[in-house]
Structures are given as C-alpha cells and as structure tokens.
Amino acid sequence: MKQANAKSVSRIMAAAAMLLAAGCSEDRPTVAINGAGASFPAPVYQNWTHAYSQGNPGIRINYLSLGSGAGLNQINAGTIDFAGSDSPLTLEEQQAAGLRQFPMLTGGVVVIVNLPEVENLALKLDRAALADIFLGNITRWNDPRLRSLNPELKLPDLAITVVRRADASGTSFIFTDYLAKISPEWERRVGRGASVDWPVGIGGQKNPGVCNNVARIKGAIGYTEYTYAAEAKLAMAQLENRAGKFVKPTMTSFSAGVAAADWKNAPGFHMILTDQPGETTWPITGVTYILFRTDCDAQTKANLFKYFNWCFATGATAARKLNYVPIPEEVVAIIQNEVFK
C-alpha cells in the first residue's frame, strides 16, 4: 500500500484548518499547526491535540497517524510543521536534512497472538523462538520447542501466520532492531529498519491494521504498541529478556527499560532502548520522537515549543493512563535548554 504523498497530506491538513477556522469567531482566528507520522504514539497525541486545542482556542494542533516513514517524508518536503517518528535519525542525518529531533514518549512494543484457549499473558516465548517464528523456522504452534516452553498450555496443531507492518514503520524499526540483536540469523538475513524484506507473513497497515489481522486469523502472531493491543483486547505474550527472565508488558517493565538510557551522551537525542539490562526490563521498549524543521518561521517555532512544553508538563498524566512512559524530568530539562531556545 502506498504511503500518503506530500500533496495529499497538504490538502487534508488545509481542509481541516479551513473547517476549524469556519467554526471560530472572526475576532479569534485559529492558527493551525500540523503534524503527521508515527502511529505508535497516536493514542496519546490525539488526546493531547484535542485537550490543548480546547484550552487554547486561538490555536489548533492537528496530527495524522500515517506511519513514521510517511511522517519523515512530509517533514522533509516541508508540508507539515512537525513529524512523529519511532525510527530515530542520527545527529548527522538531522543536520543534513535541516531537522531537529527530540524524544517525546517511550512505550512498549508487544507480541500479540490469536490462539484458541490461550489466555492473555499465558504464552511464553524465549528469544530464540521469537526470532525463529518471524524467520519462518517455526511454522506450527505445537512445535516441540514451543510446547517445551509452555508445558501447561494446550498449544494447537495450527499453522502460524505472521502479521507485520505493510508500511514504513517506526514500530517495525524497533521490533526488527530487537530481533537483529537477539538473532545472528535475523541480522544476517533481514537486518533492521522501518521497512525490511520480511521472510514470511502478511502485511497490515499501521498498528491498527496489524491488530485487525491478528484478531481475525486463528494462529496469527504480530507486534504492536501496547495500547493498541490492550484496546483491541488481544492476547499478549510474555517474553524472555536479556537477563533470561520471562517478563510481562507493564508500565513497570517499560519504565525499567527507560531507566538505563544515558541521554546526556546521546548526540541529537539518538537513542535505541531495545534489549536493555535488568531482570524486570521489558525487552522491546521504544522511544518516539518529534522532528521539526530548523528553518521554520519564528512564530511557528514559538507555537510548537509552547505546545511541546505543555505536553511535557500537563500531558504526562494522560500518557501514563494510556500506558506510555513520559520522558524523565531531567531529560525534559535538557530538551528545553538545548532545543527550545
């Protein structure tokens, strides 16, 4: 499926701004700030944009969930004011593109399954089995390796259907980066990236598309951001972490993955949090980023910084309720000192 192109997104944003302006009084024009990109943080961003716009009637923040790849295309083309991406750019890449990047949230990428008679969080997958399923080396749920990991479960004699993203996706970058770290075969054959040549599986568009496919196909397995899985009431798996412990996806295990991050020594805030140490750490923790153009006009930049400061100060409560981990206060202070100036 093709990514949204720059002109189509520009038209959508312009139409939205016109409709919003039409509903405002003539003496209080609405300024529209437009963003697009990652679906990973979209549940929080939708909450934030609505709440901020309600509290600041002179400005409207819009965000379209298109996927990280589409967001990067739009910000590079200059058709939006900010982009959301889960696939971080290096400092050199940011400078070459005239962009600035900073982290906005962290959260967990989870493995979702559709297995008859297997309840949420009952299935256990170790590192080798997880990689081999997505490589196509394990093809049925009653495989001896899976039964050995889950002796108490009645795993069916059912084909495994891998579901992955069809679009360029930061969630895919996070997931494939983890697989590359835990499986030499995956790193050699597939590698990591927002788009890769998947060995097996069917595609789903954005996180909701992956969830929908897993929900409708018995024997399916996929990956998505935690909130999407929870909202869709899909069964999630326990995963083996770097310490060899099976852990469940929770705010506590996500936060444990964030704790090890050394943001002070991360040029351009480039940070990848997969496979972090710790016995309670969730192994597939991801960072979602905001990018904006360094050449945007002063008023737009002021509006952006005002909104993002509000997100850090006021939006953290909503983020926690939606099972995301806010950026630590000491990191927010670094962002404000280095970026919001």
Side-chain angles (χ1 to χ4, degrees), residues 38-44 65 67-68 86-87 105-115 118-127 129-131 133-134 141 146 149-150 153 160-165 169-183 186 192 201 204 206-217 219-242 245-258 272-276 278 280-288 319-325:
S39 61
F40 179 101
V44 178
S65 173
S68 294
D86 315 319
S87 181
L105 287 168
T106 56
V109 174
V110 299
V111 173
I112 50 178
V113 295
N114 181 347
L115 287 173
V118 174
E119 297 181 355
N120 183 36
L121 301 176
L123 180 71
K124 293 180 181 178
L125 295 173
D126 66 13
R127 293 149 74 89
L130 178 67
I133 287 172
F134 281 84
W141 282 109
L146 299 182
L149 287 167
N150 300 276
L153 299 182
I160 296 174
T161 300
V162 168
V163 182
R164 39 76 176 177
R165 289 285 287 269
S169 158
T171 309
S172 289
F173 171 82
I174 295 167
F175 189 67
T176 59
D177 177 79
Y178 178 64
L179 293 181
K181 287 176 177 175
I182 65 172
S183 167
W186 182 277
R192 52 177 64 79
K206 299 186 288 186
N207 280 299
V210 172
C211 290
N212 289 340
N213 280 341
V214 171
R216 71 179 179 82
I217 301 172
I221 184 171
Y223 59 93
T224 189
E225 195 280 324
Y226 176 87
T227 297
Y228 290 97
E231 290 181 347
K233 296 181 171 57
L234 292 168
M236 293 173 258
Q238 296 183 50
L239 297 181
E240 181 190 21
N241 65 15
R242 186 171 168 181
K245 304 294 185 181
F246 284 99
V247 291
K248 298 177 181 180
T250 64
M251 283 289 287
T252 300
S253 62
F254 300 158
S255 297
V258 176
I272 299 173
L273 294 179
T274 55
D275 201 31
Q276 293 295 304
T280 63
T281 297
W282 181 251
I284 321 180
T285 303
V287 184
T288 192
R320 291 188 186 94
K321 288 180 180 178
L322 290 167
N323 297 294
Y324 293 81
V325 181

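Start at 1 with the first residue, then count along the sequence.
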For a 4.5 angstrom cut-off between non-hydrogen side-chain atoms, does [X] reach [Y]?
| X | Y | value |
| --- | --- | --- |
| Val118 | Trp141 | no |
| Leu179 | Ile182 | yes |
| Asp177 | Lys181 | yes |
| Gln276 | Arg242 | no |
| Leu273 | Thr106 | yes |
| Leu105 | Val325 | no |
| Val214 | Val113 | no |

Do the side chain of [X] and the main chain of [Y] share a donor and acceptor less than 3.5 angstrom apart?
| X | Y | result |
| --- | --- | --- |
| Ser39 | Ala42 | no |
| Gln238 | Leu121 | yes |
| Ser253 | Thr250 | yes |
| Asn114 | Ala220 | no |
| Thr224 | Cys211 | no |
| Ser169 | Thr171 | yes |
| Glu240 | Arg127 | yes |
| Asn150 | Leu123 | no |
| Ser68 | Gly170 | yes |

Looking only at heavy atoms, which two atoms of [X] and [Y] are closest? And how far apart?
| X | Y | result |
| --- | --- | --- |
| Pro249 | Ala237 | CD-O, 4.1 Å |
| Phe254 | Gly108 | CE2-CA, 3.6 Å |
| Ala129 | Leu149 | CB-CD1, 3.9 Å |
| Val163 | Phe134 | O-CE2, 4.3 Å |
| Gly219 | Leu115 | CA-CD2, 4.3 Å |

Between atom [atom1] of [X] and atom [atom2] of [Y], what is the distance when rounded to the nearest 0.5 Å?
| X | Y | atom1 | atom2 | result |
| --- | --- | --- | --- | --- |
| Ile221 | Ile112 | CD1 | CD1 | 9.0 Å |
| Ile272 | Tyr178 | CD1 | OH | 14.5 Å |
| Asn241 | Asp126 | CG | CG | 12.0 Å |

Task: Aromatic ring proximity, centroids under 6.0 angstrom, Phe40 and Tyr228 - done: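 Tyr228 vs Phe40: aromatic centres not under 6.0 Å.
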
TODO: Step through it carefully: locate the ring centre of Tyr226, locate the ring centre of Tyr324, and say whether they are under 6.0 Å apart.
DONE: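 Not close enough - the centres of the two rings lie 6.0 Å or further apart.
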
Donor-acceptor side-chain pairing of [X] and [Y] below 3.5 angstrom:
| X | Y | answer |
| --- | --- | --- |
| Thr252 | Ser255 | no |
| Thr288 | Asp86 | yes |
| Tyr223 | Ser172 | yes |
| Asn323 | Thr227 | no |

TODO: For a side-chain contact (heavy atoms from CB on, under 4.5 Å) with Thr176, tell me which candidate from Arg164, Arg192, Arg165 qualifies.
DONE: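 Of all the options given, the one that passes is Arg192.
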
TODO: Could you give me the CA-CA distance, side-chain angles and deciding distance for Thr274 and Ile174, then say whether side chain to side chain contact (heavy atoms under 4.5 Å, CB included) is met?
DONE: CA-CA 7 Å; Thr274 55; Ile174 295 167; 3.8 Å; yes

TODO: Could you give me the CA-CA distance, side-chain angles and deciding distance for Val247 and Thr281, then say whether side chain to side chain contact (heavy atoms under 4.5 Å, CB included) is met?
DONE: CA-CA 7 Å; Val247 291; Thr281 297; over 6 Å; no

Open item on the list: Under the criterion side chain to side chain contact (heavy atoms under 4.5 Å, CB included), I'd like the reasoning laid out for Leu125 against Leu146: C-alpha separation, chi angles, the key distance, then a yes or no.
Closed with: CA-CA 7 Å; Leu125 295 173; Leu146 299 182; 3.9 Å; yes

- [ ] For the pair Trp282 and Leu239, evaluate side chain to side chain contact (heavy atoms under 4.5 Å, CB included) and give the outcome as yes or no after the intermediate values.
- [x] CA-CA 8 Å; Trp282 181 251; Leu239 297 181; 3.6 Å; yes

